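From a predicted model like this one, the values you see are computed outputs, not experimental measurements. Chain letters run A, B, ... following the sequence lines, proteins first, then strands; residues in each count from 1.
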Protein chains: 2
Amino acid sequence: MTKTIQVADIESRISALVQELLSTKFNNTSAYNNIMGMVAQQSILSSTGGKRLRALLTIESFLAATAAHTHDKAVTNNPSNYSHSLSHNANSDTANTLTTSQLDSNSLILDVACALEVFQTAALIHDDIIDDADLRRGKPSAHKALTTQTHNESIGVGLGLMIGDILATGSIAIVQNASNAYSQNHKMLNELVTPFIAMQREVSIGQVLDLGIEMMSFENLQELREASFEVFRWKTASYTTIAPIELGFLTAGIPAQDARKLALAIGEPLGIAFQLVDDLLDIGAGSHPTGKPIGGDIREGKRSVLLADTLEHLSQDDSEKIIRLYQQTQRTDDDVAFCLEKIHEANAIEISKQRVNELWQTTCTAISQSPIPASSQHKLREICKKFITL
Amino acid sequence: MTKTIQVADIESRISALVQELLSTKFNNTSAYNNIMGMVAQQSILSSTGGKRLRALLTIESFLAATAAHTHDKAVTNNPSNYSHSLSHNANSDTANTLTTSQLDSNSLILDVACALEVFQTAALIHDDIIDDADLRRGKPSAHKALTTQTHNESIGVGLGLMIGDILATGSIAIVQNASNAYSQNHKMLNELVTPFIAMQREVSIGQVLDLGIEMMSFENLQELREASFEVFRWKTASYTTIAPIELGFLTAGIPAQDARKLALAIGEPLGIAFQLVDDLLDIGAGSHPTGKPIGGDIREGKRSVLLADTLEHLSQDDSEKIIRLYQQTQRTDDDVAFCLEKIHEANAIEISKQRVNELWQTTCTAISQSPIPASSQHKLREICKKFITL
């Protein structure tokens with residue numbers, strides 16, 4: 001790589017891409033300048049403030065796979081032996097090609113990384129509409145901000161819904177445009193767009209499951225826990241860790257099946273661990289303040305692994321009381337405090353931490369068993385570790 | 001074509017494609033079978049009942065362009081002379097190739113046509129959430145049906161929103177999969193997916209404009225009318241007529257720029273005329289009953305060309321009264337009846353019909369000046385005419 005991509009590069013590229021998606025000229029009228037300006041501004045605002053972990057993971061995965069490729073060239077003449085080295089598409093198979101297209105690769109992976117972040121924004125905007133959430137990343141959620149600006153809730157929600165649609169579809173266009181601009185390889189285009197679309201579907205299915213779990217009974221705690229894990233897998237791991245790794249590998253020229261297999265091995269346990277950690281942060285179990293009020297998930301009545309673990313280790317009385325609280329439409333401050341106390345009492349935080357550790361070991365094993373050279377494994381592990389930092 | 005594609009073929013293919021988009025297997029749990037079943041069933045239900053005009057226009061455009069291609073071969077050796085004949089991509093440029101791939105072309109155009117219909121369903125589901133519409137195609141709208149089934153409005157709306165997301169993204173996947181399956185030409189894939197994504201963006205922008213027009217004043221009727229035309233162009237013509245023609249031409253091998261230019265020339269006036277006719281049908285100006293209560297647009301307070309035309313030709317008193325009614329949050333049966341009476345009095349229906357005629361003439365001129373052979377122009381005109389039948 002001629003130049004390392006920094007978070008500031010990601011930030012400014014996202015802003016430029018979102019601006020482009022929202023910029024529109026009209027034939028006959030200036031009547032829409034106001035509303036389009038408002039929508040564009042909100043789109044950009046909603047796109048800022050993320051930690052960009054997904055983009056960074058995409059880029060690091062690309063770099064690791066590129067290193068494997070280079071390493072590959074140096075140590076073996078048998079790139080098709082997947083068990084020992086990452087094989088590559090025929091089209092990107094000469095070291096020369098790789099060198100001459102380094103600048104293009106840099107631009108391509110940056111845009112692919114940004115597309116993931118743009119999609120996340122889209123998903124969060126729709127998520128906030130579904131949950132009718134007031135806040136996102138410490139600012140008013142998109143549909144709430146637009147409701148305030150238009151003095152009309154149904155218009156605000158409608159505009160938010162459309163921003164989500166525009167950014168979701170637009171994120172696919174970003175991947176496609178980047179492949180067109182920076183790769184002469186139409187096969188590559190296909191191989192990037194296909195998993196990107198598949199990822200969006202997985203997240204939507206995950207959101208359906210998340211709504212489904214709200215209607216589940218508490219009779220079978222094992223089933224509740226497995227259902228919650230399934231939500232973590234589909235709604236979170238899909239786009240948080242699996243797709244970034246897969247897209248990074250694909251952009252580096254790893255064949256689709258290999259990239260998918262490796263991304264699942266490394267990313268699936270990591271993404272599930274990420275959500276377990278996120279749920280721990282929500283109840284204040286992290287080492288740093290999150291800036292959010294503690295117990296938001298309890299207040300929302302979220303069915304989670306943490307909840308299943310808690311219920312399993314309480315007396316029948318306490319367990320039944322918590323179930324009653326979760327069956328109410330709302331929970332008061334006192335209810336939240338009671339649940340928090342019982343989560344601690346049930347040792348559920350430690351159980352979750354143990355789960356996170358086990359998942360993290362699985363991810364580490366997958367990295368160390370991968371064909372990525374040891375010298376590059378460290379940096380990949382480093383970025384992965386950030387997903388589960390309490 | 002070895003076999004003519006019928007509406008029944010479209011219907012059953014849409015059903016199979018939607019079923020595939022919603023079919024999901026889970027690793028560890030059967031807890032989600034109910035909710036996924038409900039969502040899949042509603043997706044299929046919401047996908048039925050359309051007139052499939054967009055699919056038919058896609059197919060007829062493909063056939064017309066294919067005819068031009070064949071005709072081309074017969075009458076000229078200069079296919080690059082666009083002013084007299086439709087030029088074609090190099091890759092589909094021999095009559096032999098075309099013959100051997102007829103079956104594949106049939107499958108490809110059918111799926112592209114179905115993808116447009118699937119996207120329409122997605123757009124309508126989101127539209128109905130925004131308008132909180134009870135009914136669609138005579139049945140409960142998706143989010144209402146799901147609210148009834150889950151006994152929970154926020155879950156019903158959330159599931160509806162997700163079905164819209166899954167079908168919108170899924171419609172892109174349908175185009176991509178079909179290109180992969182039925183064409184060895186990766187350039188073709190790119191040329192179909194790009195305008196398909198661009199179309200989705202246009203429809204979402206159109207929906208934003210439609211929300212924007214709700215907040216416009218009635219001070220400048222010329223501006224109101226132009227703003228309404230802009231909504232017709234973006235929210236309706238984009239996917240109703242322009243994209244079907246463009247995708248039909250592209251699938252037949254017409255180069256992207258030519259396909260776009262021709263699709264705009266034929267489809268833009270036609271799509272705008274379609275919406276004018278739709279607004280006339282809404283106030284009962286059609287020759288057949290629509291099955292919907294008359295005046296739904298008035299009840300919703302829809303700002304339209306018809307409304308601008310009406311206000312322009314009324315006494316100041318009547319005009320001010322109608323503006324007051326439209327500024328109310330709701331309109332009663334009496335309000336609707338008053339507006340209907342004034343629309344007739346202002347001769348606005350005739351003005352709209354005149355507009356439709358002029359737009360139709362523009363479409364007909366574009367067809368007759370196109371490189372489509374005269375023998376195929378008739379069938380294309382025939383399907384176009386169906387979009388503006390009162």
Do side-chain atoms of [X] reach the backbone of [Y] as a donor and acceptor pair under 3.5 angstrom?
X        : Y        : result
B:Ser171 : B:Val118 : no
A:Gln200 : A:Ala168 : yes
B:Tyr32  : A:Ala227 : yes

For each of [options], tally heavy-atom pairs with chain B at distances under 4.5 Å, and name the one with the top tally.
options                               : answer
A:Val157, A:Asn34, A:Ile205, A:Val203 : A:Ile205
A:Leu224, A:Val208, A:Asn220          : A:Val208
A:Asp127, A:Thr24, A:Thr150, A:Leu22  : A:Thr24
A:Asp132, A:Val39, A:Leu21            : A:Leu21

Return the option, out of B:Leu209, B:Ile197, B:Leu211, with the maximum number of heavy-atom pairs under 4.5 Å with chain A.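 Heavy-atom pair counts peak at B:Leu209.
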
So does B:Arg303 pair up with B:Asp210, basic N to acidic O under 4.0 Å?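 Salt bridge flag = no for B:Asp210 with B:Arg303.
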
Counting only heavy atoms closer than 4.5 Å, note whether [X] contacts chain A via side chain, backbone, both or neither.
X        : answer
B:Leu161 : side chain
B:Ile129 : side chain
B:Met38  : neither

I want to check something: taking the side chain as every heavy atom from C-beta on, are A:Leu159 and A:Met162 in contact at a cut-off of under 4.5 Å?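 Answer no - side chains too far apart.
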
Inter-residue atom distance B:Leu108.CG - B:Leu250.CG, 0.5 Å rounding: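 Going from CG on B:Leu108 over to CG on B:Leu250, the span is 10.5 Å.
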
